[in-house]
K.L.:
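Please see the structure below; I have some questions.
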Amino acid sequence: MTITLEPTVHGDRVSLLRVLGPAHVWALGVGIVLVGEFTGWNFAADKGGALAALIVCWVVGLLYTSVAMIDSEVTSTVAAAGGQYAQAKHIVGPLMAFNVALFLVFAYTMLEVSDAILLGDTIVAKAGVEGLTHNSFIAATIVVLAWLNYRGVLMTLNVNFVITAIAYISIVVLFFSVSPWTQGAVLKLNELVTPDNALPYGWIGVIAAFQFGIWYYLGIEGTTQAAEEVRSPARSLPYGTMAGMITLLIAAAMTWYVCASMMPWEYLGITYYPLWDAGKLTGSPLLENLLFIATLLAALASANGCINDAARAWFSLGRDRYLPTWFSAVHPKYRTPYRSILFLLPIALAFAFIADLNQAITFSILSGVLQYTFMSINIVMFRKKWPLGSIRRGYTHPFHPLPAIVLFCLCVVTFFAIFLGFGSQLIAMVAFYFLISLWFHFYRYKFVRRGDQFTMPWPKPQGY
């Protein structure tokens, strides 16, 4: 099969390849997120009890459904690498675009770090060898996956599709292995979640649980980073993103039901391996080993997708001169943003060795929620500047502006929840993004060529 390269509007000699389909978009989005079913979501139970973890599962699911709907409309119309960054530069302006790109880079890089730490700790826990540390496993994970991303996006996401599918199937196998339709045989939800302990800390515990409820779906918006490498963005991005969201809603429900029916909320809220522990509690060595392997595969798939997405956001900043153009180079053979991949590699390694897992997770969540808050504003401006019928859209999300309002309100609640647990880190991160915005405004903005950024053949916005 012959692949025709499409020239970029930036005049690059070498461009990214359009080789991806809906399955690759699904593999990118679900691959990044699925690790949250294997660890992370369950800490919501520590904040508010098992029932709080279920409540935030569905309420945060509404948040991410709004994210998926909004992203599908805007990205299928603004099909460029950088995803939400590309949206911001076309719709809002340079300062917002710069910050959104940084939100993306840090959200994915810190999630990659968390995945690598999880993988290393899981192997060490399984090995049970005294003196064995996770450092070598962390380094090997990050370096090997960076090499895979360096060699090509098609191979990267083919691998992600396979390992994500295996990890997802393991959840389904566990679910049907514990007779979910018969309470009392293996599952004991009625005994473990009672009126006395359903919400041990009341409704404030439910609010606090939002911080870790994000882990059920964190990263599904990463599908947009593949926009420039998808063969048919108007079809593949909405299909892949919405299919991914449906997949995750099902996985989240099955995961909560099994784990909350097998472990008391006090233990469920502190374990790092809820699904692996559930596999152990069945008494089946086969299920135990399957969930151990699936935990590793989910962490690998997530870190793999995060490297892909962080590099595309960084590459886009270089291509538009928000950062030095050196970062915008595309490999002549593999057609990947190889310099951005290599530049972010030591940064990920450094954070992996010096950061605490909770700090890395919180940094990722905060950056993600900042980005979601922008999206609620972005879609309102998009519809106002280019109403329906004024430009061609690959997908039009329904019920506007309700999803934007729901998204904004739930982001505010999530910020409050994070403040309850990590207030100082929230303040420090906001200060960091404020200072870096000042740097961009007073130093870097002069290098930006505004006219070159607008790559979409749209009419002038209404009111201009």
Side-chain angles (χ1 to χ4, degrees), residues 8-10 16 25 28-29 63-64 66-108 219-230 233-234 236-238 240-242 245 309-320 322 367-388 390-397 400-401 403-404 407-408 411 433 437 440 448 450 452-462 464:
T8 70
V9 296
H10 302 271
L16 302 175
V25 176
L28 180 58
L63 183 157
Y64 276 92
S66 299
V67 167
M69 291 166 62
I70 291 170
D71 249 356
S72 293
E73 174 171 334
V74 184
T75 307
S76 64
T77 311
V78 188
Q84 292 83 3
Y85 157 78
Q87 300 171 21
K89 75 175 183 178
H90 282 88
I91 299 167
V92 184
L95 184 59
M96 177 63 81
F98 176 74
N99 275 280
V100 167
L102 288 186
F103 299 159
L104 291 166
V105 171
F106 281 110
Y108 293 125
I220 185 61
E221 73 283 354
T223 55
T224 63
Q225 299 301 311
E228 200 168 314
E229 294 159 281
V230 173
S236 298
L237 288 171
T241 302
M242 298 307 291
M245 194 62 216
D309 285 0
R312 268 63 184 175
W314 199 257
F315 158 81
S316 298
L317 283 173
R319 188 169 61 178
D320 290 330
Y322 286 56
S367 298
V369 178
L370 284 168
Q371 175 204 149
Y372 308 148
T373 307
F374 144 75
M375 289 172 59
S376 63
I377 301 169
N378 180 62
I379 187 62
V380 172
M381 294 183 66
F382 183 52
R383 284 287 186 97
K384 183 178 180 180
K385 290 183 175 182
W386 293 280
L388 297 181
S390 61
I391 58 175
R392 182 180 178 182
R393 286 165 161 82
Y395 167 81
T396 302
H397 82 273
H400 179 78
L407 177 57
F408 184 84
C411 284
Y433 283 121
S437 295
F440 174 77
V448 176
R450 288 282 285 151
D452 291 347
Q453 293 182 59
F454 301 105
T455 59
M456 304 306 299
W458 294 347
K460 284 187 178 181
Q462 284 202 359
Y464 286 76

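Remember, predicted model here, so these are calculated numbers, not experimental data.
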K.L.:
Looking at residues at least two apart in the chain, or sitting in another chain, which of them share a side chain to side chain donor-acceptor pair (under 3.5 Å) with Q84?
P.N.:
D71, T224, Q225, Q371

K.L.:
Could you give the distance from CZ (F382) to CD1 (I91), rounded to the nearest 0.5 Å?
P.N.:
5.0 Å

K.L.:
If a pair satisfies salt bridge (charged side-chain N to carboxylate O under 4.0 Å, His left out) and one of its residues is in residues 77-87, list it, with sequence neighbours excluded.
P.N.:
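Found none.
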
K.L.:
Is it true that a side-chain atom of W458 and a backbone atom of S390 form a donor plus acceptor pair closer than 3.5 Å?
P.N.:
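No, the answer is negative, given that no donor and acceptor are paired below the 3.5 Å cut-off.
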
K.L.:
To the closest 0.5 Å, what do you measure between CZ (R383) and CD1 (I70)?
P.N.:
9.5 Å

K.L.:
Could you work out, with side chain to side chain donor-acceptor pair (under 3.5 Å) as the rule, every residue matching Y108, not counting sequence neighbours?
P.N.:
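With sequence neighbours excluded, Y108 shows a side chain to side chain donor-acceptor pair (under 3.5 Å) to no residue whatsoever.
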
K.L.:
Using a 3.5 Å cut-off and no angle test, enumerate the donor-acceptor pairs between side-chain atoms of residues 92-107 and protein atoms at least two apart in sequence or in another chain.
P.N.:
unit_1 : atom_1 : unit_2 : atom_2 : d
N99    : OD1    : S437   : OG     : 3.0
N99    : ND2    : L95    : O      : 3.0
N99    : ND2    : S437   : OG     : 2.9

K.L.:
Using 4.0 Å as the upper bound for N to carboxylate O, is an ion pair formed by R312 and E229?
P.N.:
yes

K.L.:
Under the side chain to side chain donor-acceptor pair (under 3.5 Å) rule, collect the residues that match up with Y372, sequence neighbours excluded.
P.N.:
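With sequence neighbours excluded, Y372 shows a side chain to side chain donor-acceptor pair (under 3.5 Å) to Y64, E221, given in chain and number order.
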
K.L.:
Using a 6.0 Å cut-off, check whether atom CZ of F408 has over 12 heavy atoms from anything other than its own residue.
P.N.:
no

K.L.:
Scan residues 91-108 for pairs that pass salt bridge (charged side-chain N to carboxylate O under 4.0 Å, His left out), counting only residues two or more places apart or in two chains.
P.N.:
none

K.L.:
Applying side-chain contact (heavy atoms from CB on, under 4.5 Å), can you list everything that pairs with S66, at least two apart in sequence or on another chain?
P.N.:
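side-chain contact (heavy atoms from CB on, under 4.5 Å) check on S66 returns P403, V406, L407.
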
K.L.:
Tell me which one of D309, T75, V25 satisfies side chain to side chain contact (heavy atoms under 4.5 Å, CB included) with T223.
P.N.:
V25

K.L.:
Would you compute the distance between atom CG of L317 and atom CH2 of W314 and round it to the nearest 0.5 angstrom?
P.N.:
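The distance works out to 6.5 Å.
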
K.L.:
Partners of Y395 by side chain to side chain donor-acceptor pair (under 3.5 Å), sequence neighbours excluded?
P.N.:
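None.
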
K.L.:
Taking side-chain contact (heavy atoms from CB on, under 4.5 Å) as the test, write out the residues that go with P401, two or more places apart.
P.N.:
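In terms of side-chain contact (heavy atoms from CB on, under 4.5 Å), with neighbours along the sequence ignored, P401 is linked to I405.
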
K.L.:
Heavy atoms, side chains only, cut-off 4.5 Å: are L16 and F315 in contact?
P.N.:
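Counting from C-beta outward, L16 and F315 do come under 4.5 Å.
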
